[in-house]
Amino acid sequence: MGPTPKANVCRRLSRRALGFFARDAGVVQRANLGILRALVCQESTKFKNVWTTHSKSPIAYERGRIYFDNYRCCVSSVASEPRKLYEMPKCSKSEKIEDALLWECPVGEILPDPSDYKSSLIALTAHNWLLRISATTGEILEKIYLASYCKFRYLSWDTPQEVIAVKSAQNKGSAVARQAGTQQSVLLYLAVFRVLPFSLVGILEINKKVFANVTDATLSHGILIVMYSSGLVRLYSFQAILEQFMQQKLDVGCACSQGGTTGTVGEAPFGIPCNVKITGSPSPLFEVSSLENAFQIGGHPWHYIITPNKRKQKGVFHICALKDNSLAKNGIQEMECCSLESDWIYFHPDASGRIIHVGPNQVKVLKLSEVENNSSQHQVSEDFVIWANREDRNENVITVTASGRVVKRNFSLLDDDPEQETIKIVDYEDELDLLSVVAVTQIDAEGKAHLDFHCNEYGTLLKSIPLVESWDVTYSHEVYFDRDLVLHIEQKPNRVFSCYVYQMVCDPGEEEEIVNRSD
């Protein structure tokens, strides 16, 4: 197949246009990203705070776009200074966008409409409309009315860039029903769609009569994950549930009769009836008990991470083989730290099968490998550790009693004491293959943060960027590192949101030298 229009145009990497038009866009793009990584990490390169703004509504960021006012206003962060892409008309509170996902055009596919080759924002409004919006103009390209029988609130990818799950708020029942002791049997609904164009897979109800003591449910990679109050987590095949319990196939835009009412699927006020109702007991693919239903799957081969379902086990993680539930050798991971905030663990998003374990003073990258002379069992070992830059924690306090006796007392600070450098955020930049680590130190009345770039393979520190704004550890923070951009979003009290944008600035002579070396 020959090159498709637009899809094979490599995106500009630095502000001096390193992209090329070529047949093999993937090879060229990897080469250009290698150049950009070298530019980002070279000693003379700086990251300059080019824009700061504040808002009374949440600020969101997604791949070079900053969203304000519940996604109504979109600003591009790709230019030398952020510029407004579009601003949608003002709307009532009931029409505001509550959640959104960015859909990007798949490379190499022939699409039905020219507008489909550009990115879209998939948005969910407060009054249950699902929209596909042009990410460059704000024009509404598609719209579907979901339903009036529940309140849909959350969007997530089931299969990234292909299938979305729209999740309703949990049904608590009316105040009158609760006073009368009447329980609502349906906890929530999951509406599942393929994108571009929207096509309905089905709307599933999660019913307490089927899933007794259920507290939540979600969909991921074709797996229905159901969580129970006991800490139990069960996994079901969503496809098997569709095949067994779908009551009728529904198509958006087609006529439908439901409960004596006739309407068009996806149009107001009819919406989309719930067409997947589980009446039996589906067989789970897998189940496990974990504290607070915490459960993750990843690794090569497949493993999962849980915390034993006992309160005193909080902070203890078990890494087990999915095929037989056996604990990996050295599979109990517990970070020896004394802190107010818990450490956290997750499978590395780089698809290497490794595991990242983050505490207040260290980032530990672990790897899974076969046990020597026993290929059926795997072991967990340390790949590398990134340490916070801090001095000895032990301090001597000298006091003098009334009688004049000198008393020395030795004590240790908390591992996340604000006066010590503490790791707050760890992320992975997949295109540049860099780990980014935000560390914060409280100096007098204000905190100072810096963002460090580490080699993803060995953990070597390659670059450190100071953030000029103060960092209050009591506020909520998000930091994004996206190619040659760093963006910090901060939520202050009274719903005040701040956004700080940093862009790469490097010496033109050194940039040209790196490009020439790559040639």
Side-chain angles (χ1 to χ4, degrees), residues 7-14 18-19 24-42 45 47 60-66 76-78 101-108 119 135 156-163 220-221 296-300 302 305 344-358 363-368 383-384 386 423-438 451-465 478-489 501-504 518:
N8 283 344
V9 180
C10 292
R11 285 176 289 178
R12 188 172 64 181
L13 298 182
S14 77
L18 297 174
D24 193 344
V27 172
V28 174
Q29 190 176 41
R30 283 193 294 273
N32 285 346
L33 290 171
I35 296 171
L36 181 58
R37 173 180 160 132
L39 289 172
V40 165
C41 295
Q42 71 178 351
T45 296
F47 277 77
Y61 174 79
E62 190 72 47
R63 291 199 172 271
R65 296 175 178 87
I66 309 170
S76 170
S77 60
V78 174
L101 298 170
L102 185 67
W103 178 87
E104 295 188 294
C105 168
V107 176
S119 300
S156 63
W157 290 110
D158 171 28
T159 304
Q161 301 296 312
E162 293 180 18
V163 181
S220 178
H221 293 83
Q296 301 177 64
I297 292 181
H300 305 308
W302 293 110
I305 303 173
W344 68 96
I345 193 169
Y346 57 97
F347 285 100
H348 199 312
D350 70 351
S352 65
R354 294 181 296 175
I355 296 165
I356 297 178
H357 190 181
V358 185
V363 179
K364 190 180 292 186
V365 178
L366 309 169
K367 60 183 179 182
L368 281 164
D383 198 9
F384 60 81
I386 298 169
I423 294 169
K424 292 295 183 181
I425 298 173
V426 177
D427 204 357
Y428 173 63
E429 215 298 342
D430 58 337
E431 294 182 299
L432 301 187
D433 196 31
L434 293 172
L435 279 175
S436 61
V437 179
V438 177
L451 174 64
D452 294 343
F453 301 153
H454 292 263
C455 169
N456 183 47
E457 187 175 2
Y458 303 110
T460 312
L461 176 63
L462 302 175
K463 186 80 176 174
S464 186
I465 301 169
E478 298 173 64
V479 174
Y480 300 91
F481 168 42
D482 190 358
R483 295 191 176 191
D484 53 359
L485 172 86
V486 171
L487 187 135
H488 173 204
I489 298 174
V501 178
Y502 293 76
Q503 289 185 342
M504 182 180 79
S518 69

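- The closest side-chain heavy-atom distance from Asn456 to Ser352 is not below 4.5 Å.
- Without hydrogens or angle criteria, Lys367 side chain to Gly353 main chain gives no donor-acceptor distance under 3.5 Å.
- A side-chain donor-acceptor contact under 3.5 Å links Gln503 to the backbone of Ser77.
- A distance-only check finds a donor-acceptor pair linking the side chain of Glu429 to the backbone of Arg483 [under 3.5 Å].
- In terms of heavy-atom proximity, Val163 sits nearest to Trp157 at O-CE3, 3.4 Å.
- Expressed to the nearest 0.5 Å, how far CD of Gln296 lies from CZ of Phe347 amounts to 6.5 Å.
- Between Val501 and Ile66 there is a side-chain heavy-atom pair separated by less than 4.5 Å.
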Going through the distances and angles, do Lys463 and Ser436 end up as a side chain to side chain contact (heavy atoms under 4.5 Å, CB included)? CA-CA 10 Å; Lys463 186 80 176 174; Ser436 61; over 6 Å; no

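- Considering all non-hydrogen atoms of both residues, Leu102 and Ala135 come closest at CD1-CB, 4.1 Å.
- Remark: side-chain polar atoms of Asp158 are paired, donor with acceptor, to backbone N or O of His221 under 3.5 angstrom.
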Hey, mind stepping through Asp430 and Asp350 against side chain to side chain contact (heavy atoms under 4.5 Å, CB included) and telling me if it holds? CA-CA 7 Å; Asp430 58 337; Asp350 70 351; over 6 Å; no

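- The shortest heavy-atom contact between Ala351 and His300 is O-NE2, 2.8 Å.
- In terms of modelled atom types and a separation under 3.5 Å, the side chain of Glu457 and the main chain of Asp433 share no donor-acceptor contact.
- Between Glu104 and Pro160, the closest side-chain pair of non-hydrogen atoms is not below 4.5 Å.
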I would like to know whether Glu431 and Leu36 meet side chain to side chain contact (heavy atoms under 4.5 Å, CB included); could you show each step before the answer? CA-CA 10 Å; Glu431 294 182 299; Leu36 181 58; over 6 Å; no

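- The shortest distance between side-chain heavy atoms of Arg354 and Phe384 falls below 4.5 Å.
- Residue Phe47 comes nearest to Asp484 through the heavy atom pair CE2-O, 3.6 Å, listed as atom of the first residue, atom of the second, then distance.
- The aromatic rings of Phe481 and Phe453 sit parallel to each other, their planes meeting at less than 30°, with 60° as the upper class boundary.
- Taking all atoms of both residues into account, the shortest heavy-atom contact from Trp344 to His357 is O-CD2, 3.4 Å.
- Judged by distance alone, with hydrogens and angles left aside, the side-chain atoms of Glu62 form no donor-acceptor pair with the main-chain N or O of Leu101 at under 3.5 Å.
- When the options Ile425, Ile345, Ile386, Val426 are evaluated for a side chain to side chain contact (heavy atoms under 4.5 Å, CB included) with Val358, the one that passes is Val426.
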Leu435 and Val363: side chain to side chain contact (heavy atoms under 4.5 Å, CB included), yes or no, with the steps? CA-CA 10 Å; Leu435 279 175; Val363 179; 5.5 Å; no

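- Tyr502 contributes atom OH, which lies 11.5 Å from atom CG of Leu485 (distance to the nearest 0.5 angstrom).
- Atom CG of residue Leu462 and atom CG of residue Leu434 lie 6.5 Å apart, to the nearest 0.5 angstrom.
- Using a 4.5 Å cut-off on side-chain heavy atoms (C-beta onward), Val479 and Asp427 make no contact.
- No more than 12 heavy atoms of other residues, nucleotides or ligands lie within 6.0 Å of CH2 in Trp302, so this atom counts as exposed by the packing criterion.
- Taking both residues in full, the closest heavy atoms of Asp482 and Arg63 are given as OD2-CA, 3.6 Å, listed atom of the first, atom of the second, then distance.
- At distances below 3.5 Å, not a single donor-acceptor pair connects side-chain atoms of Thr45 with backbone N or O atoms of Val40.
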